[in-house]
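I have placed the structure first, in the form of structure tokens, so that the comments after it can refer back to it.
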Amino acid sequence: MAMTPLDELRHSCSHVLATALLRIFPDAKLDIGPPTDTGFYYDVDLEHKLTTDDLAKLEAEMKKIAEENQPFLRKEVSRDEAVEIIKSRGQERYKLGRLADIPEGEKISFYQNGEFMDLCAGTHVRYTSKLKAFKLLSIAGAYHRGDEKNKQLQRIYGTAFASKDELAAYLTQLEQAKLRDHRKLGKDLKLFVVDDEVGQGLILWTPNGAIIRQELQTFISEELRKQGYSQVFTPHIGKLALYKTSGHFPYYKESQFTAFAEPDAMAQLATEGCSCAELTRRLEGVSAQFAAEINQRAGKEVIVKERILDADQLLEGFMLKPMNCPHHIKIFASQPHSYRDLPVRLAEFGTVYRWEQSGELNGMTRVRGFTQDDAHLFCTEDQVAQEVLGCLSLVKTVLTTLGMNDYRVRVGLRDPDSSKFTGDPAKWDVAEAACRTAASTLGVPFTEEPGEAAFYGPKIDFVIKDVIGREWQLGTVQVDYVLPVRFNLSYIGADNAPHRPVMIHRAPFGSMERFCGVLIEHFAGDFPAWLAPEQVRLVPISDKTIDYARALLAKLKAEGLRASLDEHSDKLGAKIRRAEIDKVPYTLVIGQKEAEANSVSVRSRARGDEGVMTADAYVAKLKAEVATRALPDKKKPAPAAPGAPAS
RNA sequence: GCCAACAUAGCUCAGCUGGUAGAGCAACGCUUUCGUAAAGCGUGGGUCAUCGGUUCAAAUCCGAUUGUUGGCUCCA
């Protein structure tokens with residue numbers, strides 16, 4: 001695979017970094033140093049714990065090496081010669097393994113610059129002097145070969161560009177990104193908090209954030225009503241039996257909160273001296289009959305013998321729900337359905353809990369409790385393609401309304417080698433074909449990714465890039481042929497015989513938490529009026545007009561607008577500045593002139609001073625902007641041409 | 001969970017090699033009544049994340065714990 005010139009430059013930087021590393025730390029054992037989308041890194045095994053001071057030293061040494069103007073020389077060798085070179089340089093710990101990765105018959109090459117020589121397919125720039133704009137950024141831990149069972153190495157991250165200007169621009173961009181980080185803005189704009197005592201990864205939505213979430217939920221609910229969905233509500237916990245049937249427990253045990261038993265049962269077990277291990281075993285156990293059913297259905301031993309217990313050993317318990325689907329399935333199954341009723345579309349903003357690893361938690365985007373804008377559709381096989389398409393168009397509507405156009409669509413297919421995926425392969429093929437077709441009619445480029453499917457069926461994910469370039473999976477649509485079988489769902493067809501429905505799981509936002517996190521960064525806190533926690537700030541020039549301002553505030557509130565009045569005795573400039581910092585979309589300046597004419601002087605955060613209009617005209621204008629969920633329009637309206645008739 | 005760094009007022013941060021805390025902004029009060037991004041003066045506010053150790057003395061040194069950040073692993 002040919003490298004781009006930029007990759008070549010960055011890859012060369014990796015080698016120069018390694019050269020510098022060995023000069024300063026001769027005992028360093030090198031692993032691998034590739035270019036990345038944003039720079040390069042090198043993984044190194046080193047007794048010495050690298051510090052930021054070391055980064056500066058390494059960078060200075062790299063500059064020296066660049067100035068030494070060493071040529072990059074390619075050398076092709078036999079496998080035996082390669083082993084000799086690696087051994088002679090004392091780099092056998094990782095490099096011999098890397099050498100073994102090169103398939104037999106492929107060329108083996110080394111690249112040399114100065115005293116340094118590395119096993120490498122290339123390619124490189126010609127001279128180290130070409131490296132003019134690079135910077136080491138951070139040190140991180142990284143497992144050898146990305147496997148947590150292996151030793152953790154020290155990874156040095158850096159970036160490089162063709163010119164110093166581009167490097168500076170990139171570093172500025174990183175700074176800018178920090179300014180719109182949802183964790184910073186969440187604090188500044190008082191949108192949400194996380195409290196140690198409540199727990200890591202558990203979001204407390206403060207009043208301002210709650211307004212945004214409520215508006216988004218209202219928006220979604222309106223769209224769902226248009227599309228024939230029914231709203232339901234279900235509790236936050238469910239019995240283990242439910243998740244044993246669905247297959248969620250205990251296969252995903254490591255990412256679930258621990259199951260808990262009923263208080264009476266716990267007390268009884270405690271008096272019997274039951275150990276925790278025993279309690280767990282009895283909670284996770286299943287009956288022989290149930291195991292046989294599941295194993296037969298799956299066509300393999302899904303339930304291992306150790307989990308099968310006698311009836312008197314089985315202990316029923318509860319768990320925090322990791323998904324809403326089993327609850328919705330039970331609502332569907334609570335009454336008989338005719339084919340005429342289908343599709344049944346059940347929607348809920350359902351809160352679920354997952355035990356994410358502590359190191360994975362991140363602001364609102366990776367949390368332990370979150371609310372999905374979830375829905376489950378139950379339909380006939382003939383309806384699948386159309387319903388999937390309906391779900392996709394809903395996601396697209398949502399993203400378009402919010403001006404989120406930088407996303408990609410990922411069709412997650414099963415990996416034939418993995419036992420994670422259950423169900424009939426023929427049904428999988430049909431479902432995968434339906435997803436592919438639906439994705440292709442969406443008019444958005446999409447990629448197919450084997451192994452990314454849910455265990456019960458293929459899925460279509462919407463992946464959005466945040467400002468730091470990280471990708472977040474938001475909306476998702478998943479086709480499921482498995483759970484209807486597990487829960488023995490049926491509907492009566494036109495032939496008066498029972499048929500198996502197909503389920504579709506979908507969530508246009510994914511989760512309210514993650515979506516809001518990404519949305520905060522998307523708007524950099526400058527929310528459109530319909531989402532802004534505070535839509536209008538009234539700013540009286542002096543307290544002489546405070547009575548008019550108070551009356552106006554009451555009027556705006558009565559009209560359902562979110563307004564506040566700045567009663568500080570600051571000068572106008574300070575009040576304007578405060579409103580700007582609070583990112584309020586509209587500031588109304590109220591002075592003597594306005595009070596006398598029952599008007600307002602409008603200042604838009606997006607467009608600046610917009611002049612004076614009557615209070616009534618402004619209320620009507622803002623209400624229309626909110627009702628249409630308009631995005632902020634940065635452009636000033638074009639002034640009417642002189643002499644042109646007023647429109 | 002793993003590697004590393006960090007944790008001082010509501011926020012952003014200062015506090016050198018140990019001698020029991022400071023600024024700006026915010027809040028509150030007074031003065032000012034002002035036309036599109038910062039008026040002036042004053043007041044209150046901190047068990048220096050928590051617990052333990054070293055020391056005559058700890059925000060400062062050491063250890064543990066909790067949390068945060070950057071990565072890694074993971075993400076039904």
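Just so you know, these numbers come straight off a predicted model, no measurement behind them. Naming convention: chains lettered A, B, ... in sequence-line order (proteins, then strands); numbering from 1 in each chain. The figures here come from the full heavy-atom set of this structure, side chains too, leaving out hydrogens, waters and symmetry mates.
A side-chain contact (heavy atoms from CB on, under 4.5 Å) with L30(A) is found for one member of L46(A), L21(A), L153(A), D45(A) and no other, namely L21(A).
Side chain of R10(A) to backbone of D37(A): a donor-acceptor contact under 3.5 angstrom is found.
Phosphate proximity of G1(B) to S358(A): present, with a side-chain N or O under 4.0 Å from OP1 or OP2. OP1 or OP2 of C72(B) has not a single side-chain nitrogen or oxygen of H144(A) nearer than 4.0 Å. When the side-chain nitrogen and oxygen atoms of Y353(A) are compared with OP1 and OP2 of A76(B), none of them lie within a distance under 4.0 Å.
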Distances under 3.5 Å between nitrogen or oxygen atoms of protein and nucleotides 34-36 of chain B:
| residue | atom | partner | partner atom | Å |
| --- | --- | --- | --- | --- |
| C34(B) | OP2 | K544(A) | NZ | 3.1 |
| C34(B) | N4 | S569(A) | O | 2.8 |
| G35(B) | O6 | Q592(A) | N | 3.4 |
| G35(B) | O6 | K593(A) | N | 3.4 |
| G35(B) | N1 | E594(A) | OE1 | 3.0 |
| G35(B) | N1 | E594(A) | OE2 | 3.3 |
| G35(B) | N2 | E594(A) | OE2 | 2.5 |
| U36(B) | O2' | R603(A) | NH1 | 3.0 |
| U36(B) | O2 | R603(A) | NH1 | 3.4 |
| U36(B) | O4 | S601(A) | OG | 2.1 |

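As judged by a 4.0 angstrom heavy-atom cut-off over every strand, A140(A) is placed among the base-contacting residues. As judged by a 4.0 angstrom heavy-atom cut-off over every strand, R578(A) is placed among residues making no nucleic acid contact.
Between the P atoms of C75(B) and C16(B), the separation comes to 46 Å (whole Å). Comparing the same atom, P, in U54(B) and in G70(B) gives a spacing of 37 Å after rounding to whole Å.
Using a 4.5 Å heavy-atom threshold, the side chains of F509(A) and L519(A) count as separate. Using a 4.5 Å cut-off on side-chain heavy atoms (C-beta onward), P425(A) and R414(A) make contact.
Within the shown strands, nothing qualifies as a pairing partner of G35(B) under the Watson-Crick or G-U definition with both distances less than 3.5 Å. Pairing partner, G19(B): C56(B), with both Watson-Crick or wobble hydrogen-bond distances short of 3.5 Å. With a 3.5 Å ceiling on both atom-pair distances, the Watson-Crick or G-U wobble partner of U68(B) is A5(B). In this structure, U43(B) forms a base pair with A27(B), meeting either the Watson-Crick or the G-U wobble geometry with both donor-acceptor distances under 3.5 Å.
Note: F257(A) and W355(A) have perpendicular aromatic rings, judged against thresholds of 30 and 60 degrees for the angle between ring planes.
You won't find any donor-acceptor pair under 3.5 Å spanning the side chain of Y41(A) and the base of G71(B), going by distance alone. No N or O donor and acceptor, one from the side chain of S138(A) and one from the base of A5(B), sit under 3.5 Å apart. Checked by distance alone, R366(A) brings a side-chain donor or acceptor within 3.5 Å of a matching partner on the base of C75(B).
Applying the salt bridge (Lys or Arg N to Asp or Glu O under 4.0 Å) rule to K575(A) yields no partners; only residues at least two apart in sequence or on another chain are considered.
The side chain of R183(A) sits closest to U69(B) out of C28(B), A37(B), U69(B).
In K239(A), the NZ atom is not crowded: 12 or fewer heavy atoms of neighbouring residues, nucleotides or ligands sit closer than 6.0 Å.
Toward the 5′ end of RNA chain B lies the nearest nucleotide of Q152(A), the other residue of the pair Q152(A) and K184(A) mapping further downstream.
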